[in-house]
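Ligands are counted one by one from 1 in listed order, and the atoms in each one are counted from 1 as well. Since this is a predicted model, take the numbers as computed values, not measurements.
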Amino acid sequence: MVLIRIPKPWQVIDQPVTAEAAFWGRRKFMKSMIGLGAIAAAAPLTACQASTQGKRDPLAGVQDLNAVANANFREGDRPITGRQLAATYNNFYEFGGTKSIWQNAQALPTNPWTLNVGGLVKNPTTYGLEDLLNFPLEERVYRFRCVEAWAMVVPWIGFPMSRILDAVEPSSDAKYVRFTSYYDSEVTKGPGLRSSFLPWPYTEGLRIEEMANDLAFFAVGAYGQTLPKQHGAPIRMVVPWKYGFKGAKSVVGIEFVAEQPATFWNTINGNEYKFESNVEPDVPHPRWSQATERLVGPGSEFSWEQQPTLLYNGYADYVADLYA
Ligand code: MTE
């Protein structure tokens with residue numbers, strides 16, 4: 001165990017993603033979302049860009065964090081994604097339907113913050129921002145795989161989800177967990193995908209055994225510092241063996257429940273976005289293969305490195321038992 005020091009190599013400025021890649025990302029998004037395409041098409045892309053001029057620093061407002069590097073979770077094969085790139089190529093539909101939402105996301109109010117944990121538990125608990133940052137923090141380098149077949153490698157800082165389980169003590173009736181993201185239609189007014197038939201707020205869910213798994217993590221930081229807003233500040237889920245949409249950002253609620261909860265994408269299109277949504281190369285998305293993925297790198301999306309998708313995103317040793 002080594003105390004990480006700042007600055008890290010990833011603080012070297014890398015080339016931000018090109019407008020071209022963002023454009024193609026948006027086109028892919030529009031094609032990929034049955035039922036959502038029409039709304040994405042209506043998203044006021046140029047209006048958003050115009051209204052956010054002057055916000056030039058994607059890492060504005062982040063602060064240093066001390067964390068212990070967890071030697072069990074270092075990435076051996078793949079390079080860590082450039083920090084600027086990761087912070088400027090995001091999905092956060094509350095703030096727009098493109099990958100270039102980082103400026104709009106600066107409207108997210110993250111301090112103070114309240115995370116309510118309740119439902120079928122012995123000790124319902126409310127955490128404030130300081131409580132979350134005061135958990136013993138560790139750094140874990142995880143592979144990240146979006147259902148859209150792009151991938152990154154991110155050094156998260158945070159704590160295992162099991163710490164919350166230990167604190168609140170779920171009852172034996174609790175079989176599932178629902179995670180709810182921050183939502184305020186006034187804050188996302190303009191840039192967000194606001195259509196009244198979308199099931200806001202963004203929600204996600206896990207089986208309780210999945211939440212208890214060693215890999216399941218809450219990130220409060222990345223790349224040595226607190227999370228930039230576009231990554232889901234101040235706290236977001238990271239479940240690296242599942243597709244990225246399972247990792248709800250800016251979590252305000254955790255509820256332990258008896259039945260499988262409705263979730264955002266599964267409600268929009270349950271055929272394409274399953275509740276379980278593990279990374280499985282042999283299980284294609286209904287409209288594209290998941291056998292390979294593009295590792296996000298500087299420059300155009302078309303030059304990103306193609307690589308095979310790994311079962312459970314390479315974490316079978318940790319999670320295969322859950323699905324035996
Ligand atoms: N959480 C919320 N609240 N809203 C979102 O739109 N997008 C999901 C996930 N969590 C999303 C979200 C998707 S589709 C992905 S791929 C990841 O966030 C992207 O995380 P990143 O932008 O930090 O890389």
| task | Report yes if Tyr89 has an N/O atom closer than 3.5 Å to an N/O atom of ligand 1; otherwise report no. | result | no

| request: May I ask you to decide if Val147's main-chain N or O and Gln290's side chain share a donor-acceptor pair within less than 3.5 Å? | output: yes

| query | What is the closest protein heavy atom to atom 6 (O) of ligand 1, and at what distance does it sit? | reply | Tyr93 N, 2.8 Å

| query | Of all the atoms in ligand 1, which lie at a distance below 4.0 Å from a heavy atom belonging to Cys146? | reply | 16 (S)

| task | For the pair Tyr202 and Trp265, name the ring-plane relationship: parallel under 30°, tilted 30 to 60°, perpendicular over 60°. | result | perpendicular

| message | So is Tyr182 touching ligand 1 or not, going by heavy atoms under 4.0 Å? | response | no

| Shortest protein heavy-atom distance from atom 22 (O) of ligand 1, along with the residue and atom involved | Lys249 NZ, 2.7 Å

| field | Heavy atom of Glu204, distance to ligand 1 below 4.0 Å | value | no

| More than 12 heavy atoms from other groups under 6.0 Å of CD on Gln63 | no

| said: Please determine whether a side-chain nitrogen of the Lys or Arg among Lys242 and Glu210 lies less than 4.0 Å from a carboxylate oxygen of the Asp or Glu. | reply: yes

| Ionic contact status for Glu138 with Arg163, cut-off 4.0 Å | no

| Numbered atoms of ligand 1 (with element) below 4.0 Å of His231, judged on heavy atoms | 21 (P), 23 (O)

| said: Below a 4.0 angstrom heavy-atom separation, can you tell me which part of Phe92, side chain or backbone, both or neither, approaches ligand 1? | reply: both

| said: Quick test: of every protein heavy atom, which one is nearest to atom 7 (N) of ligand 1, and how far off is it to 0.1 Å? | reply: Asn91 O, 3.4 Å

| remark: Under 4.0 Å between heavy atoms, the region of Phe264 that gets near ligand 1 turns out to be neither

| query | Once the angle between the rings of Phe245 and Tyr243 is folded into 0 to 90°, is it parallel (under 30°), tilted (30 to 60°) or perpendicular (over 60°)? | reply | parallel

| message | In this structure, does ligand 1 have an atom that sits under 4.0 Å from one of the heavy atoms of Gly232? | response | no

| Any salt bridge between Lys274 and Glu280, counting N to O under 4.0 Å? | no

| query | Think Lys246 forms a cation-pi with Tyr273, using NZ or CZ under 6.0 Å from the six-ring centre and within 45 degrees of its axis? | reply | no

| field | Sub-4.0 Å atoms of ligand 1 with respect to non-hydrogen atoms of Gly247 | value | 9 (C), 10 (N), 12 (C), 18 (O)

| message | Regarding ligand 1, does Trp150 bring an N or O atom to under 3.5 Å of one of the ligand's N or O atoms? | response | no

| remark: Note: ligand 1 atoms sitting under 4.0 Å from heavy atoms of Asn90 are 21 (P), 22 (O), 23 (O)

| Which bit of Glu94 gets closer than 4.0 Å to ligand 1, counting heavy atoms only: side chain, backbone, both or neither? | side chain

| query | Would you say ligand 1 has an N or O under 3.5 Å from any N or O of Trp156? | reply | no

| query | What's the shortest distance from atom 19 (C) of ligand 1 to any protein heavy atom, and which residue and atom give it? | reply | Phe144 CZ, 3.7 Å

| query | Can you tell which part of Glu148 has a heavy atom less than 4.0 Å from ligand 1: side chain, backbone, both or neither? | reply | neither

| message | Please report whether ligand 1 has a polar contact with Arg236, defined as an N or O pair separated by less than 3.5 Å (distance criterion only). | response | yes

| request: Starting from atom 5 (C) of ligand 1, locate the nearest protein heavy atom and write down its residue, its atom name and how far away it is, to 0.1 Å. | output: Tyr202 CE1, 3.3 Å

| said: Check this for me, if you would: do Arg74 and Glu139 make a salt bridge, where the nitrogen-to-carboxylate-oxygen distance has to be below 4.0 angstrom? | reply: yes

| message | Does the plane of the ring in Tyr183 sit parallel, tilted or perpendicular to the ring in Trp200? Use 30° and 60° as the thresholds. | response | parallel

| task | Go through the steps to decide whether Phe217 and Phe73 satisfy the test ring pair (Phe, Tyr, Trp, His ring centres under 6.0 Å), and finish with yes or no. | result | CA-CA 12 Å; Phe217 200 61; Phe73 303 108; 8.0 Å; no

| task | Report yes if some heavy atom in the side chain of Phe144 is under 4.5 Å from a heavy atom in the side chain of Trp150; otherwise report no. | result | yes

